[in-house]
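A quick write-up on the structure given underneath.
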Amino acid sequence: MDGMTFILFGATGDLAKRKIFPAIYNLFLDEKLPRAFAVFGTGRRDMSDEDFRAHVEQSVKTFSRRWEDDRDRAGQFLSMFHYCAMDVTQPQDYGKLAQRIRQHEQEGKIPENRIYSLSVAPELFGVIASNISASELGSATGWKRLIIEKPFGHDLQSARDLNRSLRQFFDEEEIFRIDHYLGKPMVQNLEVLEFANPILRTLWNNQHIANVQITASETVGVEERAGYYDKAGAIRDMFQNHLLQLLMMTAMQMPRQFSAREIRNEKIKVLKALRPLRQEDVAAHVVRGQYGKGWINGKPAAAYRDEPGVDRASNTDTFVAARLWIDNAFWSGVPFYIRTGKRMREKSTRIVIEFKNPLRDAYPVRHEKPAPNLLVIHVNPYEGVSFQLNSKHPGKHSRIEPITMEFAANANDVPEAYELLLYDALRGDSTFFAHWEEVELCWKWVQPILDAFSDQRVPLHMYEAGTQGPETAFRLLEEDGFSWWELN
Ligand code: BG6
């Protein structure tokens, strides 16, 4: 890999501390960083390089999945970090930063390849991109890349505006939009499961699959993020991005080649085939919920409206469930159910594929009916795959019982999403980043839901904290003769 400089805006913030420094550290331990690699952190706060390195060390010790107690190695790692205080809205501050970077590049004979990672409020994305371009930074002779984090807009229009402003300064190929769900090892594994296993590939369509259920439930509430969350809700925070990405990864067909472009094309085909929702139909296919008070892991939990910073009359959704249809030859007739919520019974992200069983009724009356075969892809909190089959009970003559074949990845070996994603960004591989067309199509599909929610056309159902969401979300599946598969 060519030498490069990683410029981190928002280096004193939470994301840097919790995710970015630990990811860089783990890449360092695995010798996945280029030989010539430097990080320039920027923030408003005044800090020396030494102070910054102490901050990075503390963050890594606290949040990294591993830490090697070796002073020489730690010193080598920390020496890559530099700090430059600046106000990102002030164009002249970029000159200062550019000079320091250039000096470092010249001393180390490092090519002027630069990655700008924006770990700042999205309102600043456009300003920073424009100031980078207008400053000396913009005249570098190497390549440039921009890493940004969601939210990419608040709705279709604002997402388009944001994209337009970034595209004045960066080409689409240079923009790496992080959706950390695409960095989760089991999500990256989906294409292998689907396409490297002829058994599954053969079954991966509407002839054999009865329905698909995608769940991302959390036990945490709004935490300290009410300012952001109360305006976003589950629909923007989780559904429009992470969950639609899971849907695309599950439903896409085999690409002609396993290249970023071809995989993206297949994902986009899924979005284009999603049956659009009209605003007046939203209530029939989408359930909107908000948590009331209840119990989580034996402890009392406050209602959403009583959380600090939340409007007491807030109608923000903390739970969304939806039924989606993909109108193409592979999936037509197969409902995809998606649900996500805060303050639910368990932390679990999983995809359950329920298979059809045309011979179910062929069993003689004396037998119990077999349960459906289920393939469960466990994304979080543990990574693995399980397969539910039917087996004859050895003792009881007519008893058929479900048995489960399980594979669980060894938790210690599993890299964090940010490690995988940053490594890809360093290599310029955009396969697991959200392309603008995906982001735009996701907003487009979700927009009628946003409108229906804001016009109060969809009832807001309260659910008790610590449960699996409002009753209505169960009815959504019952209408089609199915039910959510709860795993414990
Ligand atoms: C983030 C959301 O994108 O994803 C959070 O903003 C949510 O609200 C988080 O808690 C969930 O991520 P994970 O990896 O814990 O499933």
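Counting starts at 1 for both ligands and their atoms, following the listed order. Every value quoted in this text rests on a predicted model; they were computed, and no experiment measured them.
With a 6.0 Å cutoff to the six-membered ring centre and a 45° limit on the axis angle, Arg323 does not count as a cation-pi contact of Trp325. Judged by a 6.0 Å distance limit and a 45° cone about the ring axis, Lys17 is not positioned over the six-membered ring of Phe63.
Atom 16 (O) of ligand 1 has Tyr181 OH, 2.5 Å as its closest protein atom, hydrogens excluded (heavy atom only).
A side-chain donor-acceptor contact under 3.5 Å links Asn113 to the backbone of Trp143. Between the side chain of Thr215 and the backbone N or O of Ser217, no donor-acceptor pair lies under 3.5 Å.
The atoms of ligand 1 that sit less than 4.0 Å from any heavy atom of Asp237 are 2 (C), 5 (C), 6 (O), 8 (O). Close approach of ligand 1 to Glu218 (heavy-atom distance below 4.0 Å) involves ligand atoms 7 (C), 10 (O), 11 (C). The Lys347 neighbourhood of ligand 1 comprises atoms 13 (P), 15 (O), 16 (O), with distances under 4.0 Å to a heavy atom of that residue. Proximity to Lys184 (heavy-atom distance under 4.0 Å) selects the following atoms of ligand 1: 13 (P), 14 (O), 16 (O). Of all atoms in ligand 1, numbered sequentially from 1 with element shown, those under 4.0 Å from a heavy atom of Lys342 are 5 (C), 7 (C), 8 (O), 10 (O).
Backbone and side-chain nitrogen or oxygen atoms of Thr349 are examined, and none is located within less than 3.5 angstrom of a nitrogen or oxygen of ligand 1.
For the residue pair Gln468/Trp484, the side-chain donor-acceptor check at 3.5 Å is not satisfied. For the residue pair Thr12 / Tyr83, no side-chain donor-acceptor distance below 3.5 Å is found, with atom types taken as modelled. Of the N and O atoms on the side chains of Asp155 and Ser158, at least one donor lies less than 3.5 Å from an acceptor on the other residue.
Here atom 5 (C) of ligand 1 lies nearest to Arg225 when heavy atoms of Lys150, Arg225, His180, Glu223 are compared.
Residue Asn380 touches ligand 1 through its side chain alone, judged by heavy-atom distances below 4.0 Å.
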